[in-house]
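Side-chain atoms are counted along with the backbone in the values below, which use heavy atoms only and exclude waters and symmetry mates.
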Amino acid sequence: MRKILLPKYLYTHEKFEKDFGILISGNLVKEVAKQKELLNKYPEVPIKHYDDMVFVPGTVNTHNHSFQSLLRGIAIDQPFLKWRDNSLYKYSPAMRLEDIYNGALFAYAEMMKCGVTTVCDFFYLHNYGNESDEAIVQAAKDVGIRLVLARTMYDWDGAPKGYLESVSEAVKNTKQLAAKYQSDSMVTVIPAPHSLHGASPEMIQAGHKLAIEMGTKFHIHVAEEPFEVKDTLRKHNKRTVEFLNELGVVDSSLVLVHGVWLNDEEIELLGQRHAALNYCPSSNMFLADGVTNIPKMAANKINIALGSDGACGNNRISVFEEMRMTALLQKATTRDALCVKCKQAFDMGTINGGAQLDLDIGEIKAGSLADFVGINLNDFSMKPLSENLEQLLPNIVYSMQPSAIKTVIVNGEETVKDGELVKISEQKVMEKVDQTMDYFETLD
């Protein structure tokens with residue numbers, strides 16, 4: 001099925017074009033050109049106008065824990081370990097399959113309305129083995145979001161039982177899921193050893209080996225909190241990235257999450273080995289983790305993409321929000337207004353995320369997957385706007401509110417129309433959340 005989309009402005013090849021259109025065939029962008037050219041070339045193809053809208057690439061949330069959306073507002077304003085114990089460890093062991101599904105449905109629906117078209121769900125709640133993973137896959141399909149399932153490999157015995165697997169079980173279950181969805185354009189499965197404190201060295205090496213075998217990257221939390229650095233120094237007499245390098249896993253398949261407490265030598269090593277970073281600024285602020293050295297990371301040519309993290313460790317799950325927070329936090333920390341510019345932050349939330357997840361997303365060009373966000377130019381937060389469009393990208397990064405997001409297209413299909421979800425009713429999502437909250441009340 002082919003169609004031509006005609007927005008007022010289109011962000012393509014790193015600039016905004018007026019009166020450009022997009023030819024879609026199935027789930028792919030086939031051509032981007034002047035509207036008149038497309039209409040003359042393809043007179044038989046159906047047309048859809050998006051007047052007073054700018055189309056930008058769908059945003060890519062490279063780090064989230066969907067079930068945590070059900071825990072938003074619980075155990076707030078506490079130190080990291082107390083927050084973890086009083087929210088995650090308290091409620092997640094009791095979650096039923098329907099609660100896991102409800103949490104993912106809730107998280108993905110909210111993200112979708114905020115312009116997230118792809119999410120990497122770092123998922124470790126394996127109370128029901130791979131059935132748990134299948135529940136979030138189903139939620140993604142019901143909302144229409146593109147899912148990268150970072151299937152977590154976790155064997156620290158201090159965590160809840162439902163998180164834990166042996167090395168062989170984690171490898172087997174991850175392989176099984178990856179094989180099942182290898183031909184599904186909307187679902188990708190990758191390995192994700194949890195962290196240096198949540199996964200044994202053997203588990204981390206197994207995750208790395210599996211990524212090499214599968215031709216994917218592997219994700220791992222690294223140096224989010226000072227306690228992990230101190231613990232690694234105590235146990236191994238090495239800092240976190242130094243120890244990962246000793247394990248033989250620091251290469252282009254490595255994607256660190258957070259990377260807050262790294263020194264210059266560790267950052268330089270990551271750059272030399274072409275590793276990548278999931279950066280979650282709002283979560284790092286909310287949990288008082290600290291501030292990742294983004295200018296140093298960028299100077300070492302590390303690919304930086306943006307994640308919201310779980311909604312109970314951030315409270316918002318918008319990548320546009322993370323673009324703003326990235327730039328503002330880094331400017332405030334360095335006292336350098338130029339250290340992260342709005343274009344750089346925008347790229348982190350779009351094209352960089354696509355590269356990090358090995359998907360043809362995050363930009364609008366021939367050959368890319370048809371994932372877009374349509375932003376209403378008449379929303380207060382998108383004004384003023386001059387003829388030269390100087391303010392357009394700054395407005396998107398620094399001032400835009402979710403109310404401006406009116407259209408979302410994923411895999412060539414509208415998933416948000418006139419600001420409302422298309423594939424599932426918002427009322428149904430709310431009812432599902434309320435059902436789980438009623439169940440949680442019985443646990444206290």
With a 4.5 Å limit on heavy-atom distance, are the side chains of [X] and [Y] in contact?
| X | Y | answer |
| --- | --- | --- |
| N378 | K383 | yes |
| K343 | E14 | yes |
| L254 | R273 | no |
| C114 | F320 | no |
| P402 | K113 | no |
| K48 | K3 | no |

Going by atom types alone, do [X] and [Y] pair a side-chain donor with an acceptor below 3.5 Å?
| X | Y | answer |
| --- | --- | --- |
| Y163 | T152 | no |
| E322 | N314 | yes |
| D142 | Y108 | no |

Problem - Reported CD-to-CD1 distance for the pair E31 and I4, which is rounded to 0.5 angstrom - result: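 Atom-to-atom, E31:CD and I4:CD1 are 8.5 Å apart.
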Practice task
Find the distance between CD1 (I361) and CZ (R146) and round it off to the nearest 0.5 Å.
Solution key: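 One gets 6.5 Å once the value is rounded to the nearest 0.5 Å.
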Practice task
Just say parallel, tilted or perpendicular for the rings of H221 and H65, cut-offs at 30° and 60°.
Solution key: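 If you compare the ring of H221 with that of H65, the planes turn out parallel.
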Exercise for the section: Quick one: sort the F122 and Y124 rings into parallel, tilted or perpendicular, breaks at 30° and 60°. Expected result: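 F122 and Y124: perpendicular rings.
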Problem - Cationic N near anionic O, under 4.0 Å, K180 to D133 - result: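 Here K180 does not pair with D133 in a salt bridge, since their nearest N and O are not under 4.0 Å apart.
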Exercise for the section: Would you mind checking if E268 and K296 are paired as a salt bridge, meaning a charged N to carboxylate O distance below 4.0 Å? Expected result: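 Yes, this pair counts.
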Exercise: identify the closest heavy-atom pair between [X] and [Y]:
| X | Y | value |
| --- | --- | --- |
| N61 | N64 | ND2-CB, 4.0 Å |
| L392 | M382 | CD1-CE, 3.5 Å |
| I212 | S253 | CD1-OG, 4.0 Å |
| V189 | T216 | O-CG2, 4.3 Å |
| S200 | V167 | OG-CG2, 4.5 Å |

Exercise for the section: Kindly say whether the aromatic ring centers of Y154 and H126 come within a distance under 6.0 Å. Expected result: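 No, the ring centres sit 6.0 Å or more apart.
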